[in-house]
Amino acid sequence: MSYSLIPRIVPIAIDSEAAGIGLERCHERLADLTDSTEADRAAGMLDDAGCRSLIEGIAVHSPYLTREIVRELAFTGAIFADGVDAAMARIWSDLDAVDPRGDTAQIMKSLRVAKRRAALTIALADIAGLWNLIEVTGAISEVAERTLAVSWRHALAEAIRRKKLPLIDEGDLIEGSGLVCLAMGKLGARELNYSSDIDLIVLFDDTLPVYADHWELRHAFVQATQTMVKLMEERTADGYVFRTDLRLRPDPSSTPPAISLTAAETYYESMGQNWERAAMIKARAVASDGPSAADFASAMTPFIWRRHLDFAAIQDVHSIKRQIAVHRKAAVVKAEGQNVKLGRGGIREIEFFAQTQQLIWGGRDARLRVRGTEDALKALVEAGRVREEVASDLKLSYRFLRKVEHRLQMIEDKQTQELPQDPTALDRFAAFLGYENPKGFRGDLAHHLHTVAYHYGRLFEEAPALSVPTREAGSLVFTGSEDDPDTLKTLKQLGFTDPSAVAETVRGWHRGRTRATRSERARQILTEITPALLEAVGRMPQPDQAFRRLDRFLDALPSGVQIFSLFHANPNLIQVVAEILGMAPSLAGQLGREPALFEGILTHDVLQPLPDAATMTKELVRHLEATDDYELALDVTRRWTGDRRFQVGVQIIRSHLDADRAGTTYSDVADATINALLPWVEKDFARRHGRLPDVETPALAVIALGKYGGRELSYGSDLDLVFLYDAPLDTESDGDKPLYTSAYMIRLGQRLISALSAKTAEGALYEVDMRLRPTGNKGPVAISMEAFQKYHDEDAWTWERMALTRARVVAAPEGFKGRIEDCIRHILTQKRDPKTLAGEVADMRERTAKEHKADSPWTVKHWRGGLLDLEFTAQFLQLRHAHEHPNVLDGNTANAFLKLGAAGILPEDEAAFLSNSVHIWRNIQGLLRLTVGNEFDPETAPEALKARLAKTSRAIDFNTLERVIEKMSAVVMRTYDRYVVSRR
C-alpha cells in the first residue's frame, strides 16, 4: 500500500523502549478496529518503515499525540494514506454537516472530534516538515473559526427556540443577526499556536430594525455567548475545542460577556486606551453578521489608526520597552528554561517590534494596516520603516521560535513556551525537533534569540535625563507665584534678557493656562523637559523672541501630552523646534497655526534629501488610495504637501540644504501635488458634468511659469500657472449637467485652482497666480492650444514672451505635452528685431524699477544688479538668439546663462559669473524669506542669522558678504547695460 504522507523530517527516536511501547499500544488498538478498510490502512501504516519512523519519534517525545494516534488510529491511517490536505478536507466536510439546530450534546461531541482530528493532522504536517508556519497557524486558526461558527449558530438557534430572539433567516442563522464576534490576538491574525486560547470580544448590533422593540436583547446575547463558550471550552470525555477568553472586551470587570455596538463604540471613542488600540490592530470578525461587522470596523478605524501621529502612544510604547529592558537587564540568553515567547529575544519582542510601529505609523500609511506579524514586517519594509535585512532576520527567527513553541505544546497539549530546565531533557527536546546533535539546536536557538534581542534593543533608544540643563548648572524652579532669584540667574545665564517674563510664562504653563498643559500628565512631562526646552531656545539668536514663539506654539496645541512625550522620547527634536522658532519666524508662524506639521519630522527622516517629483507623486498617490472621498483626498493632499514643504524648510534652517537647491525640491513637491490631485479633481468634476468624448486624461494641461516654471520656488512662493486643452470646441460632455468644451475646461480649471488654494482645517496648498495667461486676468482660465498659439503668434507682448522662456509642462497627456513643448519652442525661436526687443525689455525694467524702489540689496529681487536684472538679461538673450541657438532655452536662469556661454553668445567666464550670481541671490532670498521675510536690517539682525547668510553664500563672514554683494551688483548692472540697454 502506498502512503501520501511522506515525512521530510522525523523526530529522533532516542528512546527505543518508549518507541516500542508506543507501537505496541497502536497494535493493541488495531485489534479493536471493525472496519476492514480502516484496519488494513492502519496495519499497513504500522508496517511501513517511513510511517513507522514518524510514529516512533512521536511516541518517544509526545505522550499527548501518542494518545491521540492510538485513539484515532483509523483516522491516522487515513491521514497517512490520503495525505494531510485530504484529511483536513474531510474534517471541514464533517463540520459543515453538523446541524446547528440539533442536540447540544451531539454537537459538542462533533466539535471535539473535529478538533481532535484536526490537531492530530496539523501536528503530523508540522512535525513531518510538510507545512510551513503560515500553513500550520492558518489551519489551527481555521479550525477555531469553523468550530466557532457551528457553536454560534447553535447558540442563536437555542435563543430563537426559547423565544429570546426573533427568527431572522431560515437559512444561515448568523447573517442578519447583528452578531459581531471579534477574534483578537493570534486568532485575529490567523496565527494561533498549537495549544492556544482564543481571545474574543462579543458584540451585538442594537441598531437593527428587527430588534427595535426587543427589550431583552442584551440578556439574549449574553445567554447565547454563554452557550457558545460552553460548546467551545467545556471538557467532556471527548476533550475540549478551544479555551475561550472574553476579557479583552471594554471594561471586563463591569460589563457583561456581550455588549452592544453602541456601547462599545462609545467606550472606545471616549475611554479607549493605547493598549486597546494595539490589540485592535489584529481584530478580525469571525462567525459574524457581515454588515454589522463592517459597520463596527469602519467605526473603529479612527480609533485604531489615528489621523495624526499619537506621540503619547509612542511614549507609552517607549516606557514599556524601557521597563522590560530594566527588568531583564541582567538576563542572559540561554537555552535551559528559556521562555521562547516572553524571554529575551523571544516571540513577544518580534510581535512588539512590528505592532508598535504599526500603531505609530499606520494612521498615516494604510499599507501598515495588516494583521499578521510577517505581513507587518513586510509592510514596514515597503513603507521604508524597517530595513529589509532586519525584517528578514526577524521573519526567520519568528518561524524558528514558533516552531519550537508548537513542539513544546505538542508534548502534553499545554499552553507553555518554556524549554526544559534540565540539560538532559533539553537534549531530548532537541531530538523531537529532528536534531541529531543537541548542540546544533542550542546554537540555532542562541543565534535567533540574540538576533531578535539585538534588533529589539535598537527599536527605541534609552531616553536621557532631561531634568538638568547641560550647558549651565543652576536652579530652575517655577512653583509658587514669586520669581525664584536663582532661577532668574539661571535664565540669564541661558541667554534670556527678560528672565522674569520667561519665569512667569512657564508658571502659567504649569497652572494649565493653555489647553496643552491642562492635563496632569502633560504637566508632569513638561516639568521634565522644561530645562532642555529653555536651554535649546536660549541658544537661539534672539532667545526672548524665540521663547515667545514657543509660547504661541504651545498655545495653539489642542493638547500637550503627545508633543511633550515626543520631546521626552526624542530630545534631539527639541533642538529642531528651537531652531525653527529661533531662526525661521515664517515656519514658526505656520507651526503655530498648524502644529500637526511637526509630525512630518517623524514621518520622514527630516535630514534626508527628498525624492524626485515622480517618486513623490507615487508616494502621494499611495496615500490617496486609502480614501474614496474627494474632500478627504483634498485634506490628505494638504497634509502631505504641508509636511513635505515644512521638511524642506527645516532642512534649510538646519543647513542640510541651501535655499537655492531647495527651489528644485519645492518645485518637485508642487509637481507631485498637482499630478496626484488633478485626477481627483477631474473625477469629482465628471460626477456632475461627465467627460468629453475622446479626450485623454488629464484633460487639462497644466503649464508652470515664473519661478515655478524655472524650478526656483522658495518658501511661500505662489504658483504661476496656465491651463491649456486640446479638444473640439463643439463637443459636449456626457454628464447629467453637460457642458460644451470651452465652458467645461474653464470650470474644470477653476475647480483645480480651488483645490489648490482653498483654505480648510488642514490649511491651503498654494496661492495660484493666473495673470500670465493670455490677456491676463481678463482672459479665460483655460484656453485651447490653438488659441494659445495664435495669441502668442499675433498679439502677445514682449514681457509675455519673456515669461514664456520659463514655461514648463507639469501635467498633460504625453502626446499633448510634446505638442505644447513644440508650440512654445516655435514661439520662442522666432526671429525678432534685436533693437526693438532690447528697447521693450529696457523700458519694462525701468517701469518696474519705478514701481518697486529698492533701498537695500537685501530686497534681492528689485535691487539694481539683483535677481530681476539677471532674469531680464537671460530672457532677453534667449529671445534674441534662440532662432539660431534653440538649445539656449532653459527656464532656470542660472542654467540659461551656462547654455548661453556654451553657445558662444556669452564668454564662458562671464556666463559662469552670472550663473553663480543667480545662485548667491537665490540663496540669500530663500533664507531671508524663511527667516525674517522682507524685514532684514543688518544693523539689528542677529549675528547668527548674518553668519548663516554668509555661510549659505560661501563668504568668510558677513562683512565679506556685503562687499561681495556690492561688487556683484555692479558687475550685473554693467552686464545688463551692455547687453540690453546699449542695444536699444
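Since the structure is predicted, the reported quantities are computational estimates derived from the model, not experimental observations.
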_Give me each pair satisfying salt bridge (charged side-chain N to carboxylate O under 4.0 Å, His left out) with a member in residues 813-825, each pair once, sequence neighbours excluded._
Asp726-Arg819

*Quick one: salt bridge (charged side-chain N to carboxylate O under 4.0 Å, His left out) pairs with a partner in residues 870-886, sequence neighbours left out?*
Arg806-Glu871

*Geometric cation-pi criterion Arg645 and Tyr766, 6.0 Å radius, 45° cone*: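 Relative to the ring axis of Tyr766, which defines the angle, Arg645 lies inside both limits.
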
*Hey, does the Lys NZ or Arg CZ of Arg747 hover above the aromatic six-ring of Phe685, less than 6.0 Å from the centre and inside 45° of the axis?*
no

SB check [X] [Y] (cutoff 4.0 Å):
| X | Y | result |
| --- | --- | --- |
| Asp769 | Arg771 | yes |
| Lys707 | Asp720 | no |
| Glu619 | Arg644 | yes |
| Arg691 | Asp734 | no |
| Arg864 | Asp869 | yes |
| Asp793 | Lys790 | no |

Is the count of non-hydrogen atoms from other residues, nucleotides or ligands lying under 6.0 Å from [X] atom [atom1] greater than 12?
| X | atom1 | value |
| --- | --- | --- |
| Asp795 | CG | yes |
| Glu846 | CD | yes |
| Asp736 | CG | no |
| Phe913 | CZ | yes |
| Asp937 | CG | yes |
| Arg954 | CZ | no |

From [X] [atom1] over to [Y] [atom2], what is the distance, rounded to the nearest 0.5 angstrom?
| X | Y | atom1 | atom2 | value |
| --- | --- | --- | --- | --- |
| Leu677 | Leu620 | CG | CG | 8.0 Å |
| Asp660 | Leu927 | CG | CG | 12.0 Å |
| Ile652 | Arg661 | CD1 | CZ | 10.0 Å |

[X] side-chain N/O to [Y] backbone N/O, donor-acceptor pair under 3.5 Å:
| X | Y | value |
| --- | --- | --- |
| Thr960 | Ile956 | no |
| Asn923 | Ala659 | yes |
| Gln878 | Thr805 | no |
| Ser714 | Gly926 | no |
| Thr952 | Arg948 | no |
| Ser784 | Ala787 | yes |
| Ser754 | Gln750 | no |
| Tyr708 | Asp671 | yes |
| Thr741 | Thr731 | yes |
| Thr637 | Ala633 | yes |

Taking C-beta and beyond as the side chain, do [X] and [Y] meet within less than 4.5 Å on heavy atoms?
| X | Y | answer |
| --- | --- | --- |
| Lys946 | Leu961 | no |
| Asp977 | Ser982 | no |
| Ile783 | Val722 | no |
| Gln647 | Leu610 | yes |
| Leu867 | Phe872 | no |
| Ile924 | Leu928 | yes |
| Pro834 | Arg983 | no |
| Leu906 | Tyr979 | yes |

*Please test Trp799 against Leu772 for side chain to side chain contact (heavy atoms under 4.5 Å, CB included), starting from the C-alpha separation and ending with a verdict.*
CA-CA 10 Å; Trp799 68 266; Leu772 293 179; 3.5 Å; yes

*asked:* According to ring-ring contact (aromatic ring centres under 6.0 Å, His included), does anything in residues 821-854 pair up with another residue at least two apart or in another chain? List the pairs.
replied: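 Applying ring-ring contact (aromatic ring centres under 6.0 Å, His included) to every pair that reaches into residues 821-854, excluding sequence neighbours, yields His852-His862.
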
*Do Ile824 and Leu889 pass the side chain to side chain contact (heavy atoms under 4.5 Å, CB included) test, and can you show the C-alpha distance, the side-chain angles, and the key distance before you say yes or no?*
CA-CA 10 Å; Ile824 292 171; Leu889 295 173; over 6 Å; no

*Take His792 and Leu804 through the test side chain to side chain contact (heavy atoms under 4.5 Å, CB included) and record every step on the way to the result.*
CA-CA 10 Å; His792 277 283; Leu804 205 60; 3.9 Å; yes

*Out of Leu634, Thr641, Val636, which residue meets the side-chain contact (heavy atoms from CB on, under 4.5 Å) rule with Arg638?*
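Only match with Arg638 under side-chain contact (heavy atoms from CB on, under 4.5 Å): Leu634.
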
Between the side chains of [X] and [Y], does any donor sit under 3.5 Å from an acceptor?
| X | Y | result |
| --- | --- | --- |
| Tyr791 | Glu800 | yes |
| Thr664 | Arg711 | no |
| Trp863 | Ser969 | yes |

*Parallel, tilted or perpendicular, as decided by the 30° and 60° cut-offs, for the rings of Phe958 and Trp858*: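 Parallel, since the angle between the ring planes stays under 30°.
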
_Go through it in stages, so that I can follow the logic: the residues are Asp684 and Arg751, the test is salt bridge (Lys or Arg N to Asp or Glu O under 4.0 Å), and I'd like the CA-CA distance, side-chain angles, deciding distance and then a yes or no._
CA-CA 9 Å; Asp684 185 69; Arg751 287 293 297 274; 2.3 Å; yes

_Run Glu682 and Leu678 through side chain to side chain contact (heavy atoms under 4.5 Å, CB included) and show every step you take._
CA-CA 6 Å; Glu682 293 192 343; Leu678 182 55; 4.0 Å; yes

*So, for Asp730 and Tyr740, which heavy atoms are closest and what is the spacing to 0.1 Å?*
O-CE2, 3.7 Å

